[in-house]
Amino acid sequence: MKSKNRISVIMTAMLLLVFLPYNMAQDKLPKVVILATGGTIAGAGESSTGSAYTSGQVKIDHMIDAVPNIRKLADLRGEQLSNVGSQDMSIKIWIKLANRINELLAGDVDGIVITHGTDTQEETAFFLNLIVKSDKPVVLTGSMRPSTALSADGPLNMYNAVAVAANPDSKGRGVMIVMNDEILSAHAAKKMITTPVQTFQSPQKGLLGTAIFGQVTFFHYPFGLHTTKSEFSVDGVKKLPRVDIVYGCADMSPDLIPMLVKAGAKGIVIAGVGDGNMTEATLKAAKKATSKGIVVVRASRVPIGTVLLHGEVNDAEYGTVSSMDLNPQKARVLLMLALLKDRSREELQDLFLNY
Ligand code: ASP
């Protein structure tokens with residue numbers, strides 16, 4: 001062999017020795033796709049200590065590159081589905097997200113992470129919990145501080161979310177939220193505080209587990225039917241029936257109810273006071289709406305607890321449905337999906353008892 005040829009054979013062998021183990025290790029890692037939608041986790045501001053910033057500025061590839069060692073957890077790639085603050089999250093994006101997740105999980109992808117603003121993250125998580133048709137892990141994460149902030153919480157949240165999505169023990173636990181070292185179920189997670197990093201909490205039902213520097217520990221399975229056991233689907237669906245939320249207060253006026261019916265609402269969720277209560281006048285307006293076939297769900301503006309069936313309000317008499325454990329925003333998600341089909345008041349109530 002000529003010396004030039006010998007050198008090129010030796011160089012090829014050396015390159016193979018360097019890159020083969022890397023590729024083989026990559027093959028063994030679980031495949032995780034990060035679907036990016038925007039939020040503060042992708043937000044940027046002028047100052048690292050100022051409170052002003054804009055959500056949804058940084059692209060997913062840059063976000064992945066900013067997290068040290070994240071590629072050691074999974075064979076990872078990102079897709080940019082949208083780049084909005086989650087105050088602008090829409091049903092259109094939900095449907096796009098759900099269809100993409102179902103497509104990826106039906107293939108060889110082992111888990112999904114969704115980066116998302118925190119304002120409406122619990123609603124997206126709950127929607128996906130009802131629509132994803134797989135028991136493979138789907139994990140939402142976000143941050144309270146933008147990427148440019150001092151002690152930004154996004155990178156570690158994303159690292160932990162990927163660790164959960166890549167963990168075989170995460171299967172069958174429905175859609176989850178991973179933030180601030182905690183794993184919460186889509187059913188139970190609530191945004192409880194406006195700006196601190198411990199924003200998502202799960203009072204009453206507790207945490208599903210913890211994810212600390214990538215170490216995942218589970219304690220529980222979530223409450224309620226979800227994913228593979230859910231009867232809901234958005235196959236071929238482009239829009240959901242309109243459902244609005246009316247906030248209860250002392251001396252509440254009934255006026256909004258007929259106005260919303262006139263505007264085209266098919267359902268109204270009342271964030272009632274206490275145990276899903278409202279003024280006598282609002283109850284009368286609700287009864288009038290239910291007699292016309294509009295679904296009225298009684299939820300509560302109180303952050304924790306169950307709205308009792310036939311508590312102070314006799315639901316059968318007013319034609320109303322109790323949201324049970326669901327807060328008003330999640331009750332709205334369930335009702336929009338439920339209204340894709342004709343259902344009696346009793347059937348609707350059963351949904352609120354089971355999901
Ligand atoms: N407004 C932001 C959003 O929901 C807040 C956040 O991400 O924490 O996109």
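For ligands, and for the atoms within them, numbers begin at 1 and follow the listed sequence. Owing to the predicted nature of the structure, the values given are computational and were not obtained by experimental measurement.
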If you measure only the distance, is there a donor-acceptor pair under 3.5 Å linking the side chains of Thr290 and Tyr318?
no
Could you work out, for atom 6 (C) of ligand 1, the closest of Thr40, Thr199, Thr37, Thr54 by heavy-atom distance?
Thr40
Should the ring pair Phe127 and Trp94 be called parallel, tilted or perpendicular, given that the plane angle runs from 0 to 90° and is split at 30 and 60?
parallel
Any N/O pair Thr118/ligand 1 closer than 3.5 Å
yes
N or O contact, His116 vs ligand 1, cut-off under 3.5 Å:
no
Identify, with sequence neighbours excluded, every residue that meets side chain to side chain contact (heavy atoms under 4.5 Å, CB included) alongside Ser134.
Leu105, Val132, Lys136
Going by the salt bridge (charged side-chain N to carboxylate O under 4.0 Å, His left out) test, which pairs reach into residues 298-324, not counting sequence neighbours?
Arg298-Asp315
Which ligand 1 atoms does Gln87 reach within 4.0 Å, using its non-hydrogen atoms?
1 (N), 2 (C), 3 (C), 4 (O), 9 (O)
About how many Å separate CD1 of Ile91 and CD of Glu123, when rounded to the nearest 0.5 Å?
10.0 Å
I want to confirm something. Looking only at heavy atoms, which of Gly142, Gly38, Ser86 is nearest to atom 3 (C) of ligand 1?
Ser86
Mind checking whether Lys191 has an N or O less than 3.5 Å away from an N or O of ligand 1?
no
Going by the order shown, which atoms of ligand 1 are within less than 4.0 Å of some heavy atom of Gly85?
9 (O)
Numbering the atoms of ligand 1 from 1, which are under 4.0 Å from a heavy atom of Ser143?
6 (C), 7 (O), 8 (O)
Measure across Ala163 and Leu73 and return the closest heavy-atom pair with its distance rounded to 0.1 Å.
N-CD1, 3.9 Å
